[in-house]
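Hydrogens, waters and symmetry mates play no part in the numbers below; they use all other heavy atoms, side chains included.
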Amino acid sequence: MRILAIDTALPAVSACVLDHDAEEPIASETIAMERGHAEAIMPLIERVMSKVQGGFSTIDRVAVAVGPGSFTGIRIGLAAGQAIALACKAEVVGVSTLAALAAPLILEEFDGVVAAAIDARHGKVYVAAFGPDGRALLTPRRAGAHEALRALGDGPLLLIGSGAELLAKEARAGGMAVRIVSEQASPNIEYVARLGLAARPETAPAKPLYLKEPDVTLPGKPPEPALSSAAPEAEPAPEASPPAAAEPAPDSAPSQEALASAPAQA
């Protein structure tokens, strides 16, 4: 199976093409940016696909980072992914940004809790936690550092993401063992692709994972209620009859399959 992965949910635009049995992507590109995702993503995807022999016709599945992240950014990526999947008659799946951040840490030998945390501003983080086998210990949520630490147990903690330092300060204050691996703002797009390959469309739908109401509302319209679970469905798009569901990569580790189902576990 060949997959195209797309991520515009956080301060970067990324795309990657990966075969299920390959150690390295065929092509990949990431540009860090705070704004301009809508203008940047399609040219970036075209540059990536220009390096793929056979082009879009060889894509069997599209994976999109569905959040948590920027309300607008999530929708930009989903719109691009769904349009490409429709044109290619390919499957489309959603991958949690928190699961993609945590994925490389799951491969480490670590007797404790792996937590991915994204800065949600105002002293809060988007956070999810996983055990050594990739199983979710804490489903995605928006919480203050103290509340998140209580839910994470006694540690030790292995942290990654832009919100890692906020959690680490709280953990150190409480005497918990903690190590920050990286404070990167966005996941490595290769891991969005790998989790997309391991995902099952029925348990990892390409729907936005919002954990709070949008920051901007229309005049006279009340804000949408905050969500602590899977968000409302994205704007409906025309659907093509999908091909028979492709099997996950035969060598997909259980940890990858568990992480790939993270959006549905919120």
What I'd like to find out is whether the side chain of Glu24 reaches to under 4.5 Å of the side chain of Leu18, using heavy atoms alone. no

Taking side chain as C-beta onward, heavy atoms only, is Val93 less than 4.5 Å from Arg61? yes

With the side chain counted from C-beta on, respond yes when Ile84 and Gln82 share a heavy-atom pair under 4.5 Å apart, and no when they do not. no

Does Ile74 belong to the same Ile/Leu/Val/Met/Phe/Trp/Tyr cluster as Met42, with side-chain heavy atoms less than 4.5 Å apart forming each link? yes

Charged N-O contact under 4.0 Å between Asp19 and Arg2: yes

Whether Thr58 side chain and Gly55 backbone form a donor-acceptor pair below 3.5 Å: yes

Do Leu166 and Val178 belong together in a cluster built from hydrophobic side chains that touch within less than 4.5 Å? yes

To the nearest 0.5 Å, atom CD of Glu46 lies from atom CD of Glu29 at 11.5 Å

For the pair Asp7 (side chain) and Ala9 (backbone), establish whether a donor and an acceptor sit closer than 3.5 Å, ignoring hydrogens and angles. yes

Starting from Ile180, can I reach Val114 by hopping between I/L/V/M/F/W/Y residues whose side chains sit under 4.5 Å apart? no

Do side-chain atoms of Thr8 reach the backbone of Val13 as a donor and acceptor pair under 3.5 angstrom? no

Any Tyr191 side-chain heavy atom under 4.5 Å of Pro104 side chain: yes

Under 4.5 Å between any side-chain heavy atoms of Val66 and Pro208, yes or no? no

Could you tell me which non-hydrogen atom of Cys88 sits nearest to which non-hydrogen atom of Phe56, and how far apart they are? SG-O, 3.4 Å

Step-by-step side-chain contact (heavy atoms from CB on, under 4.5 Å) determination, Leu98 to Ile118: CA-CA 8 Å; Leu98 292 167; Ile118 298 168; 3.7 Å; yes

Do Val95 and Leu138 belong to the same hydrophobic cluster, where Ile, Leu, Val, Met, Phe, Trp and Tyr are linked whenever their side-chain heavy atoms lie under 4.5 Å apart, directly or via other members? no

I'd like to know if the side chain of Thr97 and the backbone of Ala65 have a donor-acceptor N/O pair within less than 3.5 Å. no

Before you tell me yes or no, could you show the steps for Arg179 and Leu159 under side-chain contact (heavy atoms from CB on, under 4.5 Å), namely the whole-Å CA-CA distance, both residues' side-chain angles and the distance that decides it to 0.1 Å? CA-CA 6 Å; Arg179 177 163 68 93; Leu159 299 176; over 6 Å; no

Straight-line distance of Leu152 CG to Glu147 CD, nearest 0.5 Å: 10.5 Å

Would Ile45 and Leu4 count as a side-chain contact (heavy atoms from CB on, under 4.5 Å) here? Give the steps. CA-CA 9 Å; Ile45 291 172; Leu4 167 64; 4.3 Å; yes

Side chain to side chain contact (heavy atoms under 4.5 Å, CB included) partner of Phe130, the single match among Leu137, Ile106, Leu158: Ile106

Check for a donor-acceptor pair, side chain of His37 on one end and backbone N or O of Leu10 on the other, with a separation under 3.5 Å. yes

Answer yes or no: is there an ion pair linking Glu165 with Arg172, defined by an N-O contact shorter than 4.0 Å? yes

Does one hydrophobic cluster hold both Phe71 and Ile41, with members joined at side-chain heavy-atom distances below 4.5 Å? yes

Rounded to the nearest 0.5 Å, what separates atom OG1 in Thr30 from atom CG in Asn188? 7.0 Å

Does a side-chain heavy-atom distance below 4.5 Å link Glu91 with Pro201? yes

Going by distance alone, is a donor N or O of one side chain under 3.5 Å from an acceptor N or O of the other, for Arg75 and Tyr210? yes

If we ignore hydrogens and angles and just use 3.5 Å, is the side chain of Ser162 paired with the main-chain N or O of Asp119 as donor and acceptor? yes

Taking all non-hydrogen atoms of both residues, which atom of Pro187 and which atom of Val192 are closest, and how far apart? CG-CG2, 4.3 Å

With a 4.5 Å heavy-atom cut-off, do Arg47 and Pro43 have their side chains touching? yes

Rounded distance [0.5 Å steps], CG in Leu167 versus CD in Glu170: 8.5 Å

Output yes when a side-chain donor or acceptor of Arg141 lies under 3.5 Å from a complementary backbone atom of Thr139, and no otherwise. yes

Using every non-hydrogen atom in the two residues, find where Leu157 and Ala171 come nearest and quote the distance to one decimal. CD1-CB, 4.4 Å

Minimal heavy-atom distance between Arg142 and His122, with the atoms involved, is NH2-CD2, 4.3 Å

Closest heavy-atom pair, Ala193 versus Cys16, reported as atoms and distance to 0.1 Å, is CB-SG, 4.1 Å

Working for side-chain contact (heavy atoms from CB on, under 4.5 Å), residues Ile160 and Gln184: CA-CA 7 Å; Ile160 190 168; Gln184 66 196 66; 3.7 Å; yes

Separation between CD (Glu190) and CD (Glu23), nearest 0.5 Å, reads 10.0 Å

Might you point out which heavy atoms bring Leu101 and Ala116 nearest each other, and give the distance in Å? CB-CB, 3.9 Å

Measuring from Ile31:CD1 to Ser14:OG, what's the distance to the nearest 0.5 Å? 8.5 Å

Is the shortest side-chain heavy-atom distance between His20 and Ile3 below 4.5 Å? no

